[in-house]
There are 2 protein chains.
Amino acid sequence: MKGLGELERSIMDILWAQDAPLTAREVGRLIADRDLAPTTVMTVLDRLTRKGFLTRTRDGRAWRYEPGASRDAYVAELMLEALDMTGDRSAALTRFAQTVSGSEADILRKALTELEEE
Amino acid sequence: MKGLGELERSIMDILWAQDAPLTAREVGRLIADRDLAPTTVMTVLDRLTRKGFLTRTRDGRAWRYEPGASRDAYVAELMLEALDMTGDRSAALTRFAQTVSGSEADILRKALTELEEE
DNA sequence: CGGGTAGTACTACGTCGTGTAGAGGCCCAT
DNA sequence: ATGGGCCTCTACACGACGTAGTACTACCCG
């Protein structure tokens, strides 16, 4: 996978926050604070699609864009990718567990416990 | 923090694998498979230093370079950074725990248990 | 039916990070 | 004093990303 740029991430955030697929125009409206040209939004949506982050389906003349994976899945994948970078995954994981805040450690514990029960 | 490029990472890998600080020349020798000009290695070492990944100390005319943090710490930080990208850290963490392989889940469990005991 | 409108595809350009390296300067050993 | 080793500075190409213009098409309104 590859990281996302600033604008790309903003747009992904918008789409991740939505349940229904959006058109470029709609995304542009939701990102109005940045006052971007409509073509800019389209270009970025296009690039995101080509990179595999979005799926698009026709709706009349327009395309509707939709994330291919949830943000959580994306974040988890990024974390795994970071993990892949080390020779010693065990050490890195341990380190990670130690670095995470207490409440987050709880969340991890819970998730891991539930896993075990299956 | 910021991600590293391909060559930057190779060089960090070399330095992380070493216990003693190395000079540019020594790094260049260890990365011989790529047949780089000595100045290339120096430039990259310099950039890594400026980015805070390396510390350097004088040794005669030469500099000796040394990682500022362990690779594990770096990886853990990257993982946390990915985690920061989401609105719902809990969901992402849960997802991560579920995605990790079985043996890695064990490692996490162990680290978290030890944490708890302190 | 003709033009505005919305939407698309294609192309473009500036900037920044990174890989890569040359030019020139300084110092020590021979 | 001379040459090799090491440094600093500068440079350049390339790809990713932010940003946007242009040109083409299909449709609705009057």
Side-chain angles (χ1 to χ4, degrees), chain A residues 1-16 20-67 74 78 81-82 85, chain B residues 1-16 18 20-67 74 77-78 81-82 85:
Chain A
M1 209 181 15
K2 193 66 189 84
L4 297 175
E6 183 51 39
L7 176 56
E8 290 176 333
R9 191 137 66 213
S10 301
I11 288 186
M12 285 307 294
D13 276 340
I14 288 178
L15 287 168
W16 271 321
L22 297 185
T23 65
R25 179 143 305 244
E26 287 163 347
V27 171
R29 221 165 275 139
L30 287 175
I31 210 180
D33 47 328
R34 297 184 63 157
D35 192 35
L36 296 169
T39 50
T40 300
V41 177
M42 287 187 207
T43 301
V44 175
L45 286 170
D46 220 53
R47 284 181 187 162
L48 286 169
T49 305
R50 220 170 299 140
K51 288 189 201 176
F53 288 98
L54 297 177
T55 304
R56 66 182 196 178
T57 45
R58 277 287 179 194
D59 177 11
R61 275 163 295 161
W63 292 104
R64 290 201 166 270
Y65 294 86
E66 184 176 26
Y74 171 61
L78 272 190
E81 210 175 278
M85 229 181 52
Chain B
M1 209 183 11
K2 193 64 189 90
L4 297 175
E6 183 49 40
L7 176 56
E8 291 176 333
R9 192 139 64 213
S10 300
I11 288 186
M12 285 306 294
D13 276 341
I14 287 178
L15 288 168
W16 271 322
Q18 226 69 24
L22 297 185
T23 64
R25 178 141 307 243
E26 287 164 346
V27 172
R29 221 165 276 138
L30 288 175
I31 210 180
D33 47 328
R34 297 185 61 156
D35 193 35
L36 296 169
T39 48
T40 301
V41 176
M42 286 185 207
T43 302
V44 176
L45 286 170
D46 219 52
R47 285 180 186 161
L48 286 169
T49 305
R50 221 170 297 140
K51 287 189 201 175
F53 287 97
L54 297 178
T55 305
R56 64 181 197 179
T57 46
R58 277 287 179 194
D59 177 12
R61 275 164 294 159
W63 291 104
R64 291 201 164 270
Y65 295 86
E66 184 176 26
Y74 172 61
E77 195 159 338
L78 272 190
E81 209 176 280
M85 227 180 54

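Values reported hereafter were calculated over all heavy atoms of this structure, with side chains retained and with hydrogens, waters and symmetry mates removed. Chain identifiers are assigned alphabetically (A, B, ...) following the order of the sequence lines, protein sequences preceding nucleic acid strands; residue numbering begins at 1 within each chain.
Put simply, chain B comes within 4.0 Å of DNA chain D, heavy atom to any atom, from dG4(D) to dA11(D), going 5' to 3'.
For R64(A), the salt bridge (charged side-chain N to carboxylate O under 4.0 Å, His left out) criterion is met by E26(A), D59(A), not counting sequence neighbours. Residues forming a salt bridge (charged side-chain N to carboxylate O under 4.0 Å, His left out) with E8(A) (at least two apart in sequence, or on another chain): K51(A).
Between atom OG1 of residue T43(B) and atom CG of residue L48(B) there is a gap of 11.0 Å, rounded to the nearest 0.5 Å. Between atom CZ of residue R29(A) and atom CG of residue L22(A) there is a gap of 10.5 Å, rounded to the nearest 0.5 Å. With rounding to the nearest 0.5 angstrom, the CD1 atom of I11(B) is 7.0 Å from the CG atom of L36(B). To the nearest 0.5 Å, atom CH2 of residue W16(B) and atom CZ of residue R9(B) are 8.5 Å apart. The structure places CG of L4(A) at 6.5 Å from CE of M85(B), a figure rounded to the nearest 0.5 Å.
A salt bridge is defined here as a Lys NZ or Arg NE, NH1 or NH2 lying under 4.0 Å from an Asp or Glu carboxylate O, and R50(A) with D46(A) meets this definition.
Sorted by first and then second residue, the ring pair (Phe, Tyr, Trp, His ring centres under 6.0 Å) pairs involving residues 23-54 of chain A (not counting sequence neighbours) are F53(A)-Y74(A).
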With sugar-phosphate taken as primed atoms, P, OP1 and OP2 and all else as base, the protein-contact string of nucleotides 16-29 of chain C at under 4.0 Å (heavy atoms; B, S, -) is --BBBBBB---B--
Between protein and nucleotides 1-4 of chain C, what N or O pairs are separated by less than 3.5 Å?
none

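Within a 6.0 Å sphere centred on CG of D33(A), heavy atoms belonging to other residues, nucleotides or ligands number more than 12.
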